[in-house]
Amino acid sequence: MKGVSLAGVIAVGLTVAACGEESEPAVPPQQPPSLTVGIKFDQPGMSVMGPDGVPRGFDADTATYIAGKLGVTPEHIVWKEARSEDRERLLNSGAVDFVVASYSITAGRQQQVSFAGPYLVAGQDLLVRQSERKIERPEDLNGRTVCTAEGSSSADKIRKDFAARADLVTRDTYVQCVADLLTGTVDAVSTDDVILAGYAAQHPGTLRVVGHRFTRERYGVGVRKGDIDMQARITRAIRMMIDDGSWRRAIEANISPSGHRTLPPPPVFNAPDKEIAPGDRTQLDPELVRITEAIAATFNAQDWEGFQQLVCPETAQDIDDLVIQYTPQYDRTLGPEVRSAGFTKTITGITQTSPNSATYLAHESFTDIPEKYRQYFKDIDYTGTMVRRDGEWRLCSIAADFVEP
């Protein structure tokens, strides 16, 4: 426009307008859809903000995948830092559309926000100096100083259930906690193992994760309280991410290089599109009822050979993996006191959707669990899918979800 007068520009504009009086008005270009996503900026392996303004890590990959399924391309995602103490405020103020920030699903948080997912299962652990040999479990923290981030419940969990005489220190971020650990100001840092593994990988030979997780944390995607539509859409996206292999590839790219082994992808079914009516058993195939009850009976008796006879062969390994994941006797990361724990699985509802397909609900409660491990072994709700082949009912898939107290 240099060298052209404003009057000349106006005159040209008037002439063009006069010549085009009979043409249709121009349709303004439509803005592409965008999303604002809350995420951590300082968690190696999970989400670290890059110099280009784009975070990288497993949480970042998960958020980007979800956004894509919602019709938003990566360049139209606005990233906003979501520190632990700020996540509920960001969601309920409308500052973000959803939060993917190592956000554990808890009963208290469910009173304030809604969750989609879960998309990852982690567990609280300890990060210590490589030379430290007197801290291997949270019980060893009596008289020692442990640091966690403001807004996290990790340190309170340690003092309440494991080490009443531990000294607690909170910092704004885990980066500051790790800096204190490196200088010797604190003796340990505690949060979820998958987060600690990233910091240990940044300081090889100097820091280590002790490797005894003592809680089980389900990471969910936070959405505004009551936004059922967004909750269901994101949950469906998470299922697709697991099913199409993207979840595993994101783990291998971001978490596996640290040497940390994550738990298998979690069953994803806590969004409202998975409601199942109990069903009237008098209207069901009697053989379906018998086999379903036999599944519970063999499970409770730990008759795994009998249990296997009731399972579809092609999914037997997946079902085995899930059962092992949720059974105390098989968990080698905890203390020996959980070896005597008991459990009871009860069928609470059966729905027959066709002559050859059905779904059941079951509830599992635990006995003889030390109180300090109640965060690890909560009651569990199961959903099982039954299929009839050649006149015989078999269990072909199973999902599990913790019951938040």
Side-chain angles (χ1 to χ4, degrees), residues 39-50 55-65 100-104 118-138 140-141 146-149 152 154 158 173-184 186-219 241-242 245-266 321-322 324-326 330-335 376:
I39 200 162
K40 297 287 181 70
F41 282 7
D42 61 350
Q43 291 186 342
M46 295 298 287
S47 56
V48 173
M49 180 54 71
R56 288 169 176 80
F58 180 74
D59 272 358
D61 285 355
T62 300
T64 301
Y65 185 97
V100 186
S102 55
Y103 203 1
S104 296
Y119 66 93
L120 185 69
V121 177
Q124 189 175 344
D125 210 324
L126 302 173
L127 182 71
V128 298
R129 289 179 288 276
Q130 185 72 43
S131 58
E132 176 64 70
R133 287 293 174 265
K134 294 184 178 180
I135 299 177
E136 294 297 333
R137 296 182 182 275
D140 299 331
L141 290 171
V146 59
C147 184
T148 191
S152 168
S154 299
I158 288 172
T173 66
Y174 286 111
V175 170
Q176 293 170 313
C177 282
V178 171
D180 287 345
L181 182 62
L182 290 167
T183 60
V186 301
D187 299 302
V189 177
S190 188
T191 186
D192 298 338
D193 51 0
V194 69
I195 299 171
L196 297 178
Y199 292 118
Q202 285 189 329
H203 302 280
T206 304
L207 301 179
R208 67 181 178 91
V209 181
V210 300
H212 292 286
R213 66 173 73 92
F214 49 94
T215 68
R216 209 190 301 254
E217 309 292 340
R218 297 176 304 152
Y219 287 178
M241 184 178 181
I242 293 171
S246 298
W247 186 94
R248 175 55 57 192
R249 288 191 291 273
I251 287 289
E252 291 172 351
N254 298 292
I255 306 300
S256 298
S258 71
H260 177 71
R261 293 185 61 188
T262 60
L263 290 168
D321 290 344
L322 187 138
I324 288 171
Q325 182 179 343
Y326 290 109
Y330 298 117
D331 198 310
R332 298 295 178 254
T333 68
L334 303 183
Y376 198 92

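Counting begins at 1 with the first residue of the sequence.
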Novice: Distance check, rounded to the nearest 0.5 Å: Leu127 atom CG versus Ser190 atom OG?
Specialist: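 The distance works out to 9.5 Å.
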Novice: Please step through side chain to side chain contact (heavy atoms under 4.5 Å, CB included) for the pair Phe214 and Arg137, ending with a clear verdict.
Specialist: CA-CA 9 Å; Phe214 49 94; Arg137 296 182 182 275; over 6 Å; no
Novice: Find the distance between CG (Leu196) and CG (Leu126) and round it off to the nearest 0.5 Å.
Specialist: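 Reported value, rounded in 0.5 Å steps: 7.5 Å.
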Novice: With a 3.5 Å distance limit and no angle check, can you tell me whether Asn254 reaches the backbone of Gly45 through a side-chain donor-acceptor pair?
Specialist: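 No, the answer is negative, given that no donor and acceptor are paired below the 3.5 Å cut-off.
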Novice: Measure across Ser258 and Ile255 and return the closest heavy-atom pair with its distance rounded to 0.1 Å.
Specialist: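 Shortest heavy-atom contact: OG-O, 2.7 Å.
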Novice: Which pair of heavy atoms, one from Cys177 and one from Val189, lies closest together, and at what distance?
Specialist: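 That closest heavy-atom pairing would be O-CG2, 3.6 Å.
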Novice: Kindly write out the residues that satisfy ring pair (Phe, Tyr, Trp, His ring centres under 6.0 Å) with Tyr119, not counting sequence neighbours, or none if the list is empty.
Specialist: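 Partners of Tyr119 under the ring pair (Phe, Tyr, Trp, His ring centres under 6.0 Å) test: none.
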Novice: Would you say Tyr219 and Asp192 are linked by a side-chain donor-acceptor pair, where the criterion is simply a distance under 3.5 Å?
Specialist: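 Yes, because at least one side-chain N or O of Asp192 sits under 3.5 Å from a partner of the opposite role on Tyr219.
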Novice: Using 0.5 Å steps for rounding, measure from the NZ atom of Lys134 to the CG atom of Leu141.
Specialist: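 One finds 13.5 Å between NZ of Lys134 and CG of Leu141.
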Novice: Restricting to non-hydrogen atoms, name the atom on Ile158 and the atom on Pro138 that form the minimum distance, rounded to 0.1 Å.
Specialist: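 Smallest heavy-atom distance, with atoms named: CG2-O, 4.5 Å.
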Novice: Taking only residues two or more places apart in sequence, or in another chain, which ones meet Arg249 in a side-chain contact (heavy atoms from CB on, under 4.5 Å)?
Specialist: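 Counting only residues at least two positions away or on another chain, Arg249 forms a side-chain contact (heavy atoms from CB on, under 4.5 Å) with Asp244, Ser246.
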Novice: Against Thr206, only a single residue in Gln202, Arg208, His203 fulfils side-chain contact (heavy atoms from CB on, under 4.5 Å); can you say which?
Specialist: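 By the side-chain contact (heavy atoms from CB on, under 4.5 Å) criterion, Thr206 pairs with just one of Gln202, Arg208, His203: His203.
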Novice: Would you compute the distance between atom CE of Met46 and atom OG1 of Thr62 and round it to the nearest 0.5 angstrom?
Specialist: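 So the CE of Met46 and the OG1 of Thr62 are separated by 7.5 Å.
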Novice: Tell me whether Asp61 contacts the main-chain N or O of Phe58 through its side chain, where contact means a donor paired with an acceptor under 3.5 Å.
Specialist: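 Answer holds: no.
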Novice: With rounding to the nearest 0.5 angstrom, report the CE to CZ distance, Met49 to Arg56.
Specialist: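 Separation between the atoms: 9.0 Å.
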Novice: Which pair of non-hydrogen atoms, one from Asp193 and one from His260, has the smallest distance, and what is that distance?
Specialist: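 For Asp193 and His260, the tightest heavy-atom pair comes out as OD2-CE1, 3.4 Å.
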Novice: Per the side-chain contact (heavy atoms from CB on, under 4.5 Å) rule, which among Ile39, Leu120, Val194, Thr64 passes with Asp59?
Specialist: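 Only one option passes, and that is Ile39.
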Novice: Spell out, as yes or no, whether a donor-acceptor pair under 3.5 Å connects the side chain of Ser47 to the backbone of Lys40.
Specialist: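 The answer is yes, because a donor-acceptor pair under 3.5 Å joins these two groups.
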Novice: What pair of heavy atoms forms the shortest contact from Tyr199 to Pro44, and how long is it?
Specialist: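 Minimum heavy-atom contact is CE2-CD, 3.3 Å.
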Novice: With rounding to the nearest 0.5 angstrom, report the CG to CG distance, Leu263 to Asp321.
Specialist: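 Result: 11.0 Å between the selected atoms.
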Novice: Is there a donor-acceptor pair closer than 3.5 Å between any side-chain N or O of Arg129 and the backbone N or O of Leu181?
Specialist: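 Here the side-chain-to-backbone pair exists.
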Novice: Start with the C-alpha gap between Arg216 and Val121, add the side-chain angles, then the distance that decides, and say whether side chain to side chain contact (heavy atoms under 4.5 Å, CB included) holds.
Specialist: CA-CA 7 Å; Arg216 209 190 301 254; Val121 177; 3.6 Å; yes
Novice: Could you pull out the closest heavy-atom pair between Thr215 and Gln124, with the gap in Å?
Specialist: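 Heavy-atom minimum between the residues: OG1-N, 3.0 Å.
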